[in-house]
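The next block holds one structure in the form of structure tokens; read it before the comments.
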Amino acid sequence: MLIFRQMFDTQSSTYTYLLADSESRVCVLIDPVFEQVHRDASFISELGLELLWTLDTHVHADHVTGAWLLKQRLGSRVALAAAGGAEGADRYLQHGDIVEFGARHLKVRATPGHTNGCLTYVLDDDTRAFTGDALLIRGCGRTDFQQGDARQLYHSIKEQIFSLPDNCQLWPAHDYRGATMTTVCEERRYNPRIGGELSESDFTGYLANLGLPHPKQIDIAVPANLRCGKPESGVAPAEPDWAPLSLTFGGIWEVAPQWLEEHADEVQIVDVREPDEVVGPLGHIAAAIRVPLAHLAEKAEEFSKEKPVVTVCRAGGRSAQATVILQRKGFEKVANLAGGMLRWNAGQHPTQGSFDYDAGL
Ligand code: FE
């Protein structure tokens with residue numbers, strides 16, 4: 001039997017897929033995300049699975065792949081398209097290749113156009129296909145960088161994806177509106193770029209006029225993904241275990257707002273914003289000690305090095321720097337509140353309005 005899971009990275013809106021053979025307990029991961037390696041690794045071990053392969057659908061521009069880090073942690077092997085030009089893979093895939101996991105397998109179809117190295121992975125019985133960014137739910141990948149080619153993408157979708165059975169489920173690399181999957185039949189009919197009666201010139205005209213902004217992560221993600229996600233230092237980060245932390249590719253340990261709310265009394269929360277921000281509209285976390293970033297190095301002496309420290313700011317940028325300052329001061333259990341007070345408030349975690357500031361500093 002197939003074990004199948006879809007997982008989501010909220011930062012990049014990326015879907016990661018786990019496919020396992022329930023008999024032999026071996027699995028593959030499609031499009032793992034660097035910052036989610038903890039999540040994926042703990043999930044795989046909880047289910048008692050062995051990760052054989054990480055399979056990227058292409059060299060992503062919006063997130064760094066977890067392929068290299070999973071290889072370090074779990075001993076999995078890295079596979080992706082030969083055409084993508086990435087270094088350090090264990091296997092370079094071509095159209096027509098098969099990737100086996102136990103009694104099951106995925107068939108590799110080349111679907112270039114979004115990038116020159118895009119692959120679609122089709123499950124052995126044609127019931128599911130993992131389309132990467134070639135075909136999205138009522139959309140498709142852009143074609144204006146990474147050797148993208150709208151005409152090529154049109155033919156990839158028509159010939160390699162729409163040729164699958166009507167009821168074949170399509171699972172894309174992203175969705176930005178909350179949809180999770182679609183089918184060949186639906187997209188053939190309703191995809192606004194290529195469905196229905198739309199022609200090749202309709203499709204290329206549509207893509208030529210998308211007017212999308214330059215992707216925020218492209219300058220970090222593409223070079224890293226061309227190394228299969230290996231950091232420039234070549235060193236895997238050390239592993240703290242006092243909280244379910246995730247590690248950003250920038251090397252900052254982060255903790256989720258939900259965890260912090262539930263474990264606020266087990267940590268020292270340090271709010272590094274300026275005094276006027278702490279009493280501003282975003283409020284503050286009740287238990288927070290407030291120390292503006294500029295004073296953190298001198299005030300750090302007053303914190304315990306035994307009790308973990310979680311740093312907080314408006315959006316998570318200054319507090320990321322605060323974790324670096326504290327680590328330099330010898331603090332080992334330090335993490336940043338992911339997304340800062342903006343995400344804390346967006347998740348409706350409790351805040352207080354104003355500090356009696358004079359009492360604190
Ligand atoms: Fe992409």
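Just follow the structure's listing: the first ligand is 1, and inside any ligand the first atom is 1. Just so you know, residue 1 is the first one in the sequence shown, and it goes up from there. This one's a predicted model, so the numbers in the text were calculated from it and none came from an experiment.
Thr57 and Asp31 form a side-chain donor-acceptor contact under 3.5 Å, judged by distance and modelled atom types alone.
If you take CG on Asn345 and OG1 on Thr351, they are separated by 5.5 Å, rounding to the nearest 0.5 Å.
For His114, the nearest N, O or S atom to the Fe ion (ligand 1) falls under 2.8 Å. Here Asp133 reaches the Fe ion (ligand 1): one of its N/O/S atoms is less than 2.8 Å from the metal. Not a single N/O/S atom of Cys118, whether from backbone or side chain, sits less than 2.8 Å from the Fe ion (ligand 1).
Between His60 and His63, the ring planes lie tilted relative to each other; the angle falls in the 30° to 60° range. Classified by interplanar angle (parallel below 30°, tilted 30° to 60°, perpendicular above 60°), the ring pair Phe145/His114 is perpendicular.
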